[in-house]
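Here's the structure we're looking at; comments come further down.
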Amino acid sequence: MKKLRSGSPLHLIVGLDLIVTGLILITNNKYFFWPPHPKIITAILNDDIVGAIGTLTGICLIWWAYSKVKSIKADHWLITIATGYYTILSMTEFSHALFSPMGEPHMFVSGIGELVMALVTLYMAKQSPSGEEGDRIKKKG
């Protein structure tokens, strides 16, 4: 476990967004619809576990931001999960917006929002210290 100071404000913002997104997906079991996906994929996407993953990841990111001692490994895992989560949601929402016969402009807007959040998490990953940098911080402090 390493003590780090950087990254906490973005962790709070992304964590809050993940919690809200996850809760929306948990409470709305028809958020994703058919078409464009086969019904089995839509059933998986609308499962509460998808929302729970986002909510849990968001809670963990906020916990990490407030923690006095921060694990670099935990930070890397949380950022990776958040990036993957946002990317999958974004691509799914774009497919709804583009391939749905009714056209869903709100899905297009949501897809852009999720894509922006994926880019934010990629920025967080770039700014996150590696294990070697964390070791140097520990030795200096």
Side-chain angles (χ1 to χ4, degrees), residues 1-100 102-141:
M1 301 268 280
K2 315 288 189 248
K3 186 171 183 170
L4 305 173
R5 287 180 242 148
S6 64
S8 295
L10 283 179
H11 285 74
L12 292 171
I13 292 166
V14 171
L16 181 61
D17 185 73
L18 281 168
I19 290 170
V20 171
T21 301
L23 290 174
I24 288 170
L25 292 176
I26 289 171
T27 58
N28 189 346
N29 290 326
K30 295 187 189 257
Y31 183 80
F32 297 107
F33 49 87
W34 185 87
H37 303 294
K39 289 184 180 185
I40 185 72
I41 293 176
T42 304
I44 293 169
L45 290 170
N46 283 321
D47 195 327
D48 289 347
I49 193 75
V50 173
I53 291 169
T55 302
L56 183 61
T57 304
I59 289 168
C60 289
L61 277 168
I62 291 173
W63 173 82
W64 189 91
Y66 278 109
S67 177
K68 299 275 186 221
V69 178
K70 299 175 184 334
S71 165
I72 292 173
K73 188 177 236 180
D75 183 38
H76 291 177
W77 273 104
L78 291 168
I79 291 171
T80 301
I81 293 167
T83 303
Y85 189 78
Y86 282 129
T87 302
I88 289 169
L89 286 181
S90 177
M91 295 303 108
T92 303
E93 289 163 343
F94 282 139
S95 69
H96 277 72
L98 298 174
F99 301 115
S100 174
M102 309 236 326
E104 295 294 329
H106 70 280
M107 282 292 196
F108 187 69
V109 172
S110 293
I112 291 172
E114 305 297 354
L115 183 60
V116 168
M117 291 306 291
L119 293 173
V120 168
T121 59
L122 288 173
Y123 174 78
M124 289 169 60
K126 182 180 179 201
Q127 298 302 313
S128 179
S130 68
E132 291 175 5
E133 291 169 338
D135 289 341
R136 278 188 242 127
I137 290 170
K138 184 177 179 182
K139 289 176 186 173
K140 288 181 182 178

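For this chain, numbers begin at 1 and follow the sequence in order.
Distance check, rounded to the nearest 0.5 Å: NE2 of His96 to CE of Met91 gives 13.5 Å. Ile44 contributes atom CD1, which lies 12.0 Å from atom CD1 of Ile49 (distance to the nearest 0.5 angstrom). With rounding to the nearest 0.5 angstrom, the OG1 atom of Thr87 is 6.5 Å from the CG atom of Leu122. Asn29 contributes atom CG, which lies 12.0 Å from atom CG of Leu45 (distance to the nearest 0.5 angstrom). To the nearest 0.5 angstrom, Ile62 atom CD1 is 11.0 Å from Leu78 atom CG. Atom-to-atom distance recorded for Thr92:OG1 and Glu114:CD is 10.0 Å, nearest 0.5 angstrom.
When every heavy atom of Ile72 is checked against every heavy atom of Pro129, the shortest pair comes out as CG2-O, 3.4 Å. Considering all non-hydrogen atoms of both residues, Leu23 and Thr55 come closest at N-OG1, 3.5 Å. The minimum heavy-atom distance between Leu25 and Gly51, with the atom names listed, is CB-CA, 3.9 Å. Taking both residues in full, the closest heavy atoms of Ala65 and Ser8 are given as O-OG, 3.4 Å, listed atom of the first, atom of the second, then distance. Scanning all heavy atoms of the two residues, the minimum distance from Tyr86 to Val14 falls at OH-O, 3.5 Å. Here the closest heavy-atom approach between residue Lys70 and residue Trp64 is recorded as NZ-O, 2.9 Å.
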For this session: Give the intermediate values and the outcome of side-chain contact (heavy atoms from CB on, under 4.5 Å) for residues Tyr85 and Leu18.
Result: CA-CA 9 Å; Tyr85 189 78; Leu18 281 168; 3.5 Å; yes
For this session: Please test Ile79 against His11 for side-chain contact (heavy atoms from CB on, under 4.5 Å), starting from the C-alpha separation and ending with a verdict.
Result: CA-CA 9 Å; Ile79 291 171; His11 285 74; 4.1 Å; yes
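At distances below 3.5 Å, at least one donor-acceptor pair connects side-chain atoms of Glu93 with backbone N or O atoms of Gly111. With Ser110 contributing its side chain and His106 its backbone, the two residues share a donor-acceptor pair below 3.5 Å. Under a 3.5 Å cut-off, the side chain of Asn46 and the backbone N or O of Thr42 do form a donor-acceptor pair. No donor-acceptor pair closer than 3.5 Å links the side chain of Ser67 to the backbone N or O of Trp63. The main-chain N or O of Ile26 is never found under 3.5 Å from a side-chain atom of Tyr31 such that the two would form a donor-acceptor pair.
The shortest distance between side-chain heavy atoms of Thr21 and Met117 does not fall below 4.5 Å. Side-chain contact check for Leu89 versus Phe32: some heavy-atom pair is nearer than 4.5 Å. Side-chain contact check for Ile13 versus Val120: every heavy-atom pair is 4.5 Å or farther apart. Two residues are said to be in side-chain contact when any heavy atoms from C-beta on lie closer than 4.5 Å; Leu115 and Phe94 meet this criterion. Residues Ile112 and Phe108 have side chains in contact (heavy-atom distance under 4.5 Å, counting atoms from C-beta outward).
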